[in-house]
Amino acid sequence: MSLRQLLLRLPRYLGVSGSPRRLWWSSSLDTISSVGSWRGQSSRSPAHWNQVVSEAEKIVGYPTSFMSLRCLLSDELSNIAMQVRKLVGTQHPLLTTARGLVHDSRHNLQLRGLVVLLISKAAGPSSMNTSCQNYDMVSGIYSCQRSLAEITELIHTALLVHRGIVNLNELQSSDGLLKDMQFGNKIAILSGDFLLANACNGLALLQNTKVVELLASALMDLVQGVYHENSALAKENHITEDIGISTWKKQTFLSHGALLAKSCQAAMELAKHDADVQDMAFQYGKHMAMSHKINSDLQPFIKEKTSDSMAFNLNSAPVVLHQEFLGRDLWIKQIGEAQEKGRLDYAKLRETIKAGKGVTSAIDLCRYHGNKALEALESFPPSEARSALENIVFAVTRFS
Amino acid sequence: MTAGAPGSPERRAGARERRLAQTEGPAWSLPVLEPAAGRRAAPGSSGQARGRAPDVPRGRPGSAPSGASPGRSGKRRPAWGPSSSCAKFPAPGPGRRTAGPQAEPAPRRGFQTLTMASGGWPWRRCCSWRPAARSPGPGSPGRAGPPRTPSAADAGAQMSYFNLVKSLTSAFPHRYSMSRFHHTTLAVCCCSKTQSGEKYTDPFKLGWRHLNGLYEDIRKELLISTTELKEMSEYYFDGKGKAFRPVIVVLMARACNIHHNNSRDVQASQRSIALIAEMIHTASLVHDDVIDDASSRRGKHTVNKIWGEQKAVLAGDLILSAASIALARIGNTTVISILTQVIEDLVRGEFLQLGSKENENERFAHYLEKTFKKTASLIANSCKAVSVLGCPDPVVHEIAYQYGKNVGIAFQLIDDVLDFTSCSDQMGKPTSADLKLGLATGPVLFACQQFPEMNAMIMRRFSLPGDVDRARQYVLQSDGVQQTTYLAQRYCHEAVREISKLRPSPEREALIQLSEIVLTRDK
């Protein structure tokens with residue numbers, strides 16, 4: 001039973017099939033769903049991407065089934081499900097997050113976990129320490145590494161839930177009842193905390209203090225990254241802060257790269273690989289995540305058919321790069337020109353950006369990170385698992 | 001929780017011995033379960049007739065079996081001797097009043113001494129509290145139940161947990177028995193001095209000797225580049241909190257170290273636990289305040305009111321992650337597991353708080369379990385963690401855990417009492433807060449025994465207009481506040497009993513004193 005299947009039990013109550021409503025937070029949630037998860041992939045060259053993933057899943061043994069029975073059997077989870085049920089009909093973002101998890105489960109994308117498992121398998125058992133532990137290896141992956149993959153997904157999902165908390169004083173009358181939102185917040189906090197507590201528990205069971213420290217610091221990075229993203233979304237007048245691409249990279253590493261990078265490193269630590277191997281795993285995780293993120297940022301600008309009015313994130317790589325080429329003043333002018341009565345005409349702005357150099361340099365940046373990730377992989381012996389990791393990089397760096 | 005079943009005294013004694021021998025129980029289990037004799041001896045008062053067999057001995061001192069150890073029988077005796085209660089009990093129930101004539105002078109004297117020694121009523125009256133002017137509880141008649149058939153004795157074996165707790169805490173003899181117990185046991189461990197009023201160094205002062213720079217160090221753990229996020233995370237580490245947890249933790253660390261090898265130092269890792277305990281506590285406060293939509297704490301606005309809910313939740317996560325990093329750096333996997341348990345308990349406690357039980361008995365067990373998970377687990381497990389770091393003996397770990405658990409539960413029980421008796425200026429947060437959140441805490445549950453009409457209010461979580469005020473009135477009219485305080489006292493006595501097993505040290509005495517401070521605090 002995967003985490004997503006599990007969380008699915010909540011939204012079964014939610015009327016998942018209901019037509020997607022455009023809600024006031026929709027722009028921010030679009031950002032969350034395409035930026036904050038791996039879901040953006042499914043819409044792009046689906047055949048190729050799904051093929052890469054499903055082949056990779058075969059390599060790691062059984063389909064990535066995270067989240068163990070102890071979680072499934074817990075009272076809390078059924079409690080959450082009961083409580084979420086009460087949210088149906090309200091407009092709390094938690095519902096959308098839950099729907100997103102459902103959506104993902106259809107594609108069975110738990111890419112962070114999958115990458116951790118693949119890199120564990122690619123690295124294999126350590127040559128330094130062959131004496132013990134091999135007994136609990138399944139498909140070339142230690143059971144503790146499987147737990148780690150699960151923990152990585154738990155932390156990611158917890159933050160996904162926590163970032164969807166609504167600020168009560170910013171509610172408008174159209175957003176439904178205050179008490180619904182309060183209740184939704186309550187459930188969102190509790191379910192996120194529940195997932196985090198399970199992650200902590202799993203970490204403690206790994207009995208490795210270095211791994212605990214790595215994952216705890218990944219959580220800290222992730223929180224800071226989410227904070228930056230959330231505060232970037234909150235800006236008025238569509239004027240984003242002039243952060244520049246180097247700050248953008250730092251923040252994106254925090255919000256997207258750190259968890260995967262540190263989990264990959266921790267997977268090596270669990271197999272007692274030395275510092276060099278750990279560093280290579282870290283580099284792969286980091287650069288793959290960066291390249292993946294830039295890829296999803298690019299989607300609105302390279303897709304053949306884009307529904308014109310569709311909003312895109314003004315803090316995405318192509319926009320930030322565009323801004324940097326243009327200079328702050330010109331960018332503010334362009335934003336102003338694309339606005340009409342306070343509403344931003346995304347179609348118009350998109351064309352403006354496409355005419356500049358932002359998109360091509362974002363593609364370059366994506367490929368740069370992809371190559372870095374491939375370089376890091378070279379230190380691992382050739383194997384099915386390594387090829388799968390390479391294919392993931394190829395899939396996210398292909399633009400045609 | 002079924003314990004202390006009626007039946008023959010022997011049987012009861014046996015049951016108790018079994019329970020005493022049992023080290024593992026529900027985490028929130030009562031310290032020492034007394035047979036409910038004191039209660040039973042007072043027919044007619046609310047809730048006690050239930051489950052009583054007609055042929056149950058009335059619990060005279062003489063009828064107590066002699067099988068138990070002297071200390072135990074000394075403790076038990078008054079429980080059989082039903083009550084000289086009305087003389088001392090400020091708000092004796094009608095039932096107890098009828099039992100009054102059977103009173104024996106000896107227990108009464110003992111009680112008086114002890115009462116004086118411990119400085120009278122353990123809670124301070126303030127603002128709105130008024131001595132419970134008891135109208136005879138309307139609950140009484142309904143509870144009395146029909147005469148029992150002999151088989152009722154067996155039925156009584158499953159006597160309701162609630163009644164048991166109530167009987168433990170409400171009957172006057174009980175207080176005597178506890179105090180008496182305190183004397184007999186503790187005299188051996190030379191800590192009866194605390195009873196006689198002799199003061200040691202203020203535990204907080206003693207603790208702070210090892211906590212200098214606590215908040216600076218916590219802020220150092222929060223390595224955050226973003227100004228606003230850092231400000232939010234540091235918001236409660238302003239040095240204005242009570243630092244109750246860190247103080248207990250360092251005192252426990254010293255007490256264990258001295259017990260183990262007479263070491264006078266606090267290890268760096270043990271001090272880290274104090275930091276981590278405070279951080280985990282603060283992280284949970286930040287999340288709780290969002291969940292409860294609280295607007296003030298410690299006399300200032302809550303994080304969620306200043307920065308909004310979204311950021312507040314992230315700040316809570318951030319503090320938790322910083323605590324986890326600090327924890328991992330200690331480098332001890334056992335300690336990591338111990339404190340991870342706390343995080344899990346905190347979440348489970350919060351879930352328990354969401355739900356409520358229809359059944360009265362379950363409700364009380366539910367309340368105590370929640371209290372353990374939300375408050376006591378952190379104190380218990382951080383005490384255990386420092387003991388693990390300071391001493392290899394598992395017996396000491398258990399003592400530390402039990403001390404923390406019992407003090408923690410008492411702490412929360414008093415907190416729940418203060419929600420009724422204190423005024424908001426003192427608490428730094430609004431009072432009757434629990435009622436407004438729909439929570440039925442100890443005083444309410446006890447009051448509900450006297451005023452069954454509160455049941456409906458509890459079930460609808462005080463959601464109708466006027467419910468909160470009415471419930472508050474009921475609680476203040478009942479002896480719910482006293483009974484909760486007694487229950488807290490019991491937990492504290494148990495904590496003292498546990499900690500007294502350690503070798504004497506100033507820190508051990510400070511921990512004993514701290515348990516009294518827990519009972520007498522007014523904010």
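Each chain gets a letter, A, B and so on, in the order the sequences are listed, and its residues count up from 1. It should be emphasised that the depicted structure is a prediction, and the values quoted were computed from it without experimental measurement.
Looking at Leu314(B) and Leu159(A), their side chains come closer than 4.5 Å, going by heavy atoms from C-beta outward. Two residues are said to be in side-chain contact when any heavy atoms from C-beta on lie closer than 4.5 Å; Glu350(B) and Asp193(A) fail this criterion. Side-chain contact between Asn230(A) and Lys311(B) is absent, with no heavy atoms from C-beta onward closer than 4.5 Å.
Only the side chain of Thr340(B) comes within contact range of chain A, with at least one heavy atom under 4.5 Å from a heavy atom of that chain. Heavy atoms closer than 4.5 Å to chain B are found in both the backbone and the side chain of Leu219(A). Contact annotation for Asn208(A): only backbone heavy atoms (N, CA, C, O) come within less than 4.5 Å of a heavy atom of chain B. Neither the backbone nor the side chain of Ile330(B) comes within contact range of chain A; no heavy atoms are under 4.5 Å apart. Within the 4.5 angstrom heavy-atom criterion, atoms from both the backbone and the side chain of Glu228(B) approach chain A.
Most heavy-atom pairs under 4.5 Å with chain A, from the set Asn332(B), Ile325(B), Leu339(B), Ile343(B): that is Ile325(B).
Closest of all the heavy-atom pairs between Arg163(A) and Gln310(B) is O-NE2, 3.5 Å. The minimum heavy-atom distance between Asn167(A) and Gly308(B), with the atom names listed, is OD1-C, 3.3 Å. The minimum heavy-atom distance between Ser321(B) and Ala216(A), with the atom names listed, is CB-O, 3.7 Å. Listed here is the closest heavy atom pair of Ala328(B) and Val212(A): CB-CG1, 3.7 Å. For Tyr227(A) against Leu229(B), the heavy-atom pair with the smallest separation is CD1-CD1, 3.6 Å.
With rounding to the nearest 0.5 angstrom, the CD atom of Glu221(B) is 8.0 Å from the CE atom of Met220(A). To the nearest 0.5 Å, the span separating CG on Leu346(B) from CG on Leu196(A) amounts to 12.5 Å. In this structure, the separation between CD on Gln224(A) and OG on Ser233(B) is 8.5 Å, given to the nearest 0.5 Å. With rounding to the nearest 0.5 Å, the separation of CD in Glu309(B) from CG in Asn185(A) is 6.0 Å. Rounded to the nearest 0.5 Å, atoms CG (Leu190(A)) and CD (Gln353(B)) are 9.5 Å apart.
Open room surrounds NZ on Lys250(A); 12 or fewer heavy atoms of other groups in view lie less than 6.0 Å from it.
Side-chain contact annotation: Asp293(B) with Gln182(A), donor-acceptor N/O pair under 3.5 Å present.
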